[in-house]
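Input: a single structure, listed below in structure tokens.
When a ligand or atom number is given, it counts from 1 through the structure's own listing order. Basis for what follows: all heavy atoms, side chains included, without hydrogens, waters or symmetry-related copies.
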Amino acid sequence: KDLHKGGSDTSPKERQRLAANANQRPNDLYRDYKGRRVTPSSAARKDSMHLTWSYTPPVVFLKTHKTGGSTVQNLLFRMGEKDGATFAFPHYTYQFNYPDKFRADFVDELPEGSSNFDILCSHMRLDIGQLRSMMPPNTIYVTILREPVLTFESVFSCYTSTVPAFTFAKKAAAVEHRSALSMFLESPDSFWDPKEPRDGLAKNPMSFDLGLDDQQWDSWQTDLTELEETFQLVMIAEHFDESLVLLGALLKLEFEELAYVRLNARSAHSLTPLDDITKARIRAWNRMDVLLYDFFLKLFREKAAQYGLERLNRDVARLRASADRISKKCVSRKEVPPGELEDLIRPLQTDSATVLGYEVKGNLTKQEQGFCMRFVLPEHHYHAHLYFQQYGRAMRAVPAA
Ligand SMILES: Nc1ncnc2c1ncn2[C@@H]1O[C@H](COP(=O)(O)OS(=O)(=O)O)[C@@H](OP(=O)(O)O)[C@H]1O
């Protein structure tokens with residue numbers, strides 16, 4: 001990811017590949033893809049989950065880091081592309097000037113012929129007032145949280161080389177031939193600088209993405225209430241399929257549109273096994289995230305109960321059947337190491353973690369291939385493709401400082 005303004009946590013080789021991809025007219029790869037809905041009747045919702053057809057409402061998906069958000073974003077990209085939606089893309093690269101708080105002027109211009117943005121789902125640090133000022137009033141707001149220990153381990157592993165606090169810990173650990181994570185967790189305050197914006201992800205990363213301030217514990221209860229009022233749905237990665245069914249009900253999506261493969265998963269050798277002491281230290285260091293997660297997990301359970309548990313289980317089974325069917329049709333190999341994948345479907349790698357991808361079957365029609373490529377397409381490639389489609393130009397790099 002281009003995690004920080006003016007910098008990136010990708011290796012130089014990966015950056016070269018990305019640049020090549022951005023310039024190669026990604027559209028050409030899908031010339032025969034006919035996914036776009038042309039008339040409302042072609043999009044008639046036959047699903048029992050939704051009794052009447054209606055246009056998908058505008059949606060903001062606040063993509064928190066390392067919580068399964070790329071998987072959700074992929075289905076929103078597919079949905080939006082099919083609907084001919086207008087995406088609110090960052091002016092530069094894939095993120096809204098992260099880690100600055102979001103501002104409406106970080107968004108690229110409204111394309112000619114569009115009266116409003118329909119979908120915004122790129123990484124940002126939340127500022128709800130700024131978001132509301134540029135999205136239509138009927139926008140649905142959704143985000144996702146993941147169990148905080150797992151989130152932190154993934155954040156640490158992926159951003160060791162780009163978040164300064166982690167990098168200092170890594171250097172100190174190397175001297176003593178120790179693990180960077182345990183070194184960091186032993187005395188995190190000695191590595192973490194509250195005034196360094198790029199250290200935002202090093203403590204309570206989900207709270208940081210939601211715009212909360214680590215220094216202001218006194219407003220915590222009000223902050224939670226505000227977030228609860230803002231988001232119609234806070235998905236929970238540990239209940240991913242149940243979350244998707246609730247998302248489908250909100251956005252009036254069919255199970256086929258909710259089907260997914262798990263994107264952005266690290267290889268087994270990039271995962272750090274955690275003992276009980278390490279887990280306790282992660283929880284203590286990230287206690288805002290623990291509170292945040294517990295609060296929204298409880299709320300999620302209430303939402304699930306409102307939907308009806310029997311109905312939810314039945315719909316989860318239907319979603320899984322749909323996902324299985326599509327995966328069988330599209331995917332020839334899963335958990336494929338990056339070196340064995342073509343450029344177009346290779347997920348972005350960081351210096352410190354290996355991210356796996358999917359190989360698409362070869363014996364498909366052009367139409368099927370278009371669909372299947374999108375089904376497994378990593379975030380950056382899909383982002384570049386849609387940006388090109390919307391503006392007829394490649395995404396802009398961050399200008400040199
Ligand atoms: N469906 C589903 N359920 C549960 N977990 C999932 C799912 N999809 C992705 N993942 C895991 O989420 C991690 C990647 O998160 P993101 O896509 O948000 O990463 S990123 O911030 O956009 O880089 C990454 O976690 P780690 O493998 O621990 O790094 C993925 O394995």
Full working for side chain to side chain contact (heavy atoms under 4.5 Å, CB included) between Phe184 and Phe166:
CA-CA 7 Å; Phe184 178 81; Phe166 296 162; 3.9 Å; yes
Can we call the ring centroids of Phe96 and His123 under 6.0 Å apart?
no
Please confirm whether His381 and Phe77 have ring centers closer than 6.0 angstrom.
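Ring centroids of His381 and Phe77 are no less than 6.0 Å from each other.
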Answer side chain, backbone, both or neither: which part of Thr64 comes under 4.0 Å from ligand 1, heavy atoms only.
backbone
Side chain, backbone, both or neither: Leu263 near ligand 1, heavy atoms under 4.0 Å:
backbone
For atom 29 (O) of ligand 1, tell me which residue out of Arg266, His239, Glu147 has the closest non-hydrogen atom.
Arg266
Report the member of Arg262, Met235, Gln95, Glu153 with the shortest heavy-atom distance to atom 11 (C) of ligand 1.
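When every heavy atom of Arg262, Met235, Gln95, Glu153 is considered, Arg262 comes closest to atom 11 (C) of ligand 1.
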Under 4.0 Å between a side-chain nitrogen and a carboxylate oxygen: does that hold for [X] and [Y]?
X: Lys329; Y: Glu368; result: no
X: Arg311; Y: Glu242; result: no
X: Asp193; Y: Lys195; result: no

Which atoms of ligand 1 have any heavy atom of [X] under 4.0 Å away?
X: Thr71; answer: 8 (N), 9 (C)
X: His65; answer: 21 (O)
X: Glu379; answer: 22 (O)
X: Ala265; answer: 27 (O), 30 (C), 31 (O)
X: Asn264; answer: 14 (C), 16 (P), 17 (O), 19 (O), 20 (S), 22 (O), 23 (O), 24 (C), 30 (C)

[X]-[Y] side chain donor-acceptor pair, cut-off 3.5 Å:
X: Ser179; Y: Ser182; result: yes
X: Ser122; Y: Gln95; result: no
X: Ser70; Y: Lys63; result: yes
X: Glu335; Y: Tyr358; result: no

Check contact between [X] and ligand 1, using heavy atoms of the residue and a distance below 4.0 angstrom.
X: Lys63; result: yes
X: Val155; result: no
X: His123; result: yes
X: Tyr159; result: yes

Decide whether an N or O pair under 3.5 Å exists between Gly69 and ligand 1.
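Yes; at least one N/O pair falls below 3.5 Å.
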Hey, is ligand 1 close enough to Gly68 that some N/O pair sits below 3.5 Å?
yes
